[in-house]
Amino acid sequence: MCLGIPGEIVEIVDADDCLAKVDVSGVKRTISIRLLADEGIEVGDWVLVHVGFAMSKIDEAEAQMTLDQIKKLGQTYDEELIAFMETEIV
């Protein structure tokens, strides 16, 4: 199953190439924020991440609520986190 997982932007790695580091439950990966380039993504923003791309900007409350619901999926959440660990935009 491929889920979008909320993550917090912790670093803008390369503004010209629209790359940012995101933290998802303690796992940090570089992702593309190009799809949200017009939204002015900054450190501290929350985004919904899917296969290495930020798909939408969400607020922190929505992010926490979504994470809480996804964690209830148990093994599916664990598998998504593993898939996230293996995904990186270089």
Side-chain angles (χ1 to χ4, degrees):
M1 180 182 291
C2 293
L3 301 172
I5 300 178
E8 182 180 13
I9 301 292
V10 294
E11 178 184 351
I12 302 298
V13 176
D14 186 333
D16 292 335
D17 284 334
C18 297
L19 298 175
K21 187 165 287 187
V22 66
D23 183 329
V24 174
S25 297
V27 178
K28 295 178 182 164
R29 285 289 181 264
T30 299
I31 64 167
S32 174
I33 55 173
R34 185 172 305 278
L35 297 174
L36 305 177
D38 294 340
E39 296 193 35
I41 299 296
E42 299 176 348
V43 171
D45 285 342
W46 286 82
V47 294
L48 194 59
V49 181
H50 181 67
V51 294
F53 294 88
M55 305 301 288
S56 64
K57 185 176 176 180
I58 58 177
D59 64 37
E60 186 173 355
E62 182 179 359
Q64 290 303 324
M65 182 176 67
T66 303
L67 276 173
D68 290 344
Q69 294 302 315
I70 291 174
K71 288 177 181 175
K72 290 179 182 176
L73 296 174
Q75 183 178 351
T76 300
Y77 171 74
D78 294 340
E79 291 171 357
E80 284 299 315
L81 206 52
I82 290 169
F84 180 73
M85 285 188 267
E86 296 172 348
T87 303
E88 185 164 9
I89 303 294
V90 182

For the residue pair Thr30 and Lys21, what are the closest heavy atoms and their distance? OG1-CE, 3.9 Å
Quick one: are Leu73 and Asp78 in side-chain contact, heavy atoms under 4.5 Å? no
Sort and list the pairs that fulfil salt bridge (charged side-chain N to carboxylate O under 4.0 Å, His left out) and have at least one residue in residues 43-69, not counting sequence neighbours. Asp45-Lys57
Please tell me if the side chains of Cys18 and Ile41 come closer than 4.5 Å, counting only heavy atoms from C-beta onward. no
How would you list, by chain and number, every residue that makes a side-chain contact (heavy atoms from CB on, under 4.5 Å) with Ser56, sequence neighbours excluded? Leu48, Ile58
Report yes or no: do Val24 and Val10 belong to one cluster of Ile/Leu/Val/Met/Phe/Trp/Tyr joined by side chain heavy-atom distances under 4.5 Å? no
A side-chain contact here means heavy atoms from C-beta on lying under 4.5 Å apart; do Thr66 and Trp46 qualify? no
Counterpart residues, side-chain contact (heavy atoms from CB on, under 4.5 Å), relative to Ala54 (two or more places apart): Ile31, Ile33, Leu36, Val47
Looking only at non-hydrogen atoms, find the nearest pair between Pro6 and Ile70 and report the distance. CD-CD1, 4.0 Å
Contacts of type side-chain contact (heavy atoms from CB on, under 4.5 Å), residue Met55, not counting sequence neighbours: Leu35, His50, Phe53
Which residues share a side-chain hydrogen bond (donor to acceptor under 3.5 Å, both in side chains) with Gln75, sequence neighbours left out: Glu79
Do any pairs count as a side-chain hydrogen bond (donor to acceptor under 3.5 Å, both in side chains) and have a residue in residues 8-19, sequence neighbours left out, and if so which ones? none
All heavy atoms of Leu19 vs all of Ser32, minimum pair found to be CD2-CA, 4.2 Å
For the student: nearest non-hydrogen atoms of Ile12 and Ala20, plus distance: CD1-CB, 4.1 Å
Between Asp23 and Lys28, which heavy-atom pair has the shortest distance, and what is it? OD2-CE, 3.4 Å
